[in-house]
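Have a look at the structure below, then the notes.
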Protein chains: 2
Amino acid sequence: MAKKTPIEFWFDFSSPYGYIAATQIDNIAEDHGRTVLWRPFLLGAVMKESGGAPLASSAMKFSYMKTDVERFCRLYGITYRQPETFPIGAVAASRAFYWLEEHAPAKAVDFAAVVYSAYFEQGKNIGEPEVVLDIAARMGIDRAALEQALADPVIKNRLREVCDEAVSRGIFGSPWLVVDGEHFWGADRLWMVEEWLETGGW
Amino acid sequence: MAKKTPIEFWFDFSSPYGYIAATQIDNIAEDHGRTVLWRPFLLGAVMKESGGAPLASSAMKFSYMKTDVERFCRLYGITYRQPETFPIGAVAASRAFYWLEEHAPAKAVDFAAVVYSAYFEQGKNIGEPEVVLDIAARMGIDRAALEQALADPVIKNRLREVCDEAVSRGIFGSPWLVVDGEHFWGADRLWMVEEWLETGGW
């Protein structure tokens, strides 16, 4: 039997629905003998191409989103606290992830989960590089090395490439799941992703 | 026991996801001893307030939407053909619905389902009043009376009121379900609506 490909999990660290998916995706993958390739990217960079607008861009949408995310989290039994600063720019957190993926791959996914939790459970402003560095340091990651990496052209370029890849593959939302080339947008599609994994598609 | 309130089903006749929900919602309601209050409205009128943009507003989004809607319809075993003219203005179809609701209530919901099918299965341009009148006539509805109604200030005003109600209640997407005051946006939330109906909420 051919080796099963990983589920690609694209998300923006500023996305509540990305956070929801992040708490579920590894379990879903495991249930179906898959791994997950975590792919943080910058939704803002993609929205220039897709013409999308942030959730918080209208009072009407923001109000629905808050109710909906809280209800979604209650259903899954996960904590959610609407961050005061929202949305934030996830450049530092995303760069940190790709540096870790290269230099301490075992820690990259844990780091991403902790960043999400810091933002959506503890209300920390993960848009601030200092906050990102503190999170990393508490995980035993070399703070000074990471600080340097955040300004390293190689890492900057790596994140840019990832965002370009998102645009070129038509990935314009968060979370965004790719299963064997099939694209699914939204935390509200996890049930469909599971159905797809179970049946092999339809 | 208190009488169960109807499920409100808000939709735009131009919305593929509204069409998907329209094929499912009556069965879901029946399974839980509910009725459905069909509420066609004009998403365009609401988007002025919500800052939303039509699905077809960017090539990237439109491409995903087509794939996704077709996949969704295959899953539910319903036909879908992307209409050539998309989106269309649903003023005539929506006015016709509210006139029927007043004058031939038994036919209003059937009419809505037939209009959706004419657009998304048969590719008819339901944005044209003539097409809407033809559909109605084939259902045994008085064509001349309906034609007059489409220009009647009372009916025009009725649809305007419905759209105002959507805005004032924060309803900015299609389909939009309201269950006992709880709002759910999207065909991809039907599973959550069912969960809500089953459990009484969480």
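Letters A, B, ... are given to chains in the order of the sequence lines, protein chains preceding strands, and every chain is numbered from 1. The shown structure was predicted, so the numbers you read here are calculated from the model rather than taken from an experiment.
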For [X], is the [atom1] atom crowded, meaning more than 12 foreign heavy atoms sit under 6.0 Å from it?
| X | atom1 | value |
| --- | --- | --- |
| B:Glu30 | CD | no |
| B:Gln148 | CD | no |
| B:Gln122 | CD | yes |

Exercise for the section: Classify the angle between the aromatic ring planes of B:Trp185 and A:Tyr64 as parallel (below 30°), tilted (30 to 60°) or perpendicular (above 60°). Expected result: perpendicular
Practice task
Enter the distance from B:Arg189:CZ to A:Phe72:CZ here, rounded to the nearest 0.5 Å.
Solution key: 4.5 Å
Practice task
Select one option (side chain, backbone, both, neither) describing which atoms of B:Trp202 are under 4.5 Å from chain A's heavy atoms.
Solution key: both
Practice task
Heavy-atom distances under 4.5 Å only: say whether B:Asp188 touches chain A with side chain, backbone, both or neither.
Solution key: both
Practice task
Could you tell me whether B:Arg71 sits above the aromatic face of A:Phe184, with NZ or CZ closer than 6.0 angstrom to the six-membered ring centre and within 45 degrees of the axis?
Solution key: yes
Problem - Within residues 93-121 of chain A, residues adjacent to chain B where the heavy-atom gap is under 4.5 Å - result: none
Problem - Heavy-atom check, side chain of B:Asp68 versus side chain of A:His183, under 4.5 Å - result: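 Not in contact.
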Exercise for the section: Give the minimum heavy-atom separation between A:Met60 and B:Ile171, together with the two atoms involved. Expected result: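 Shortest heavy-atom contact: CE-N, 4.1 Å.
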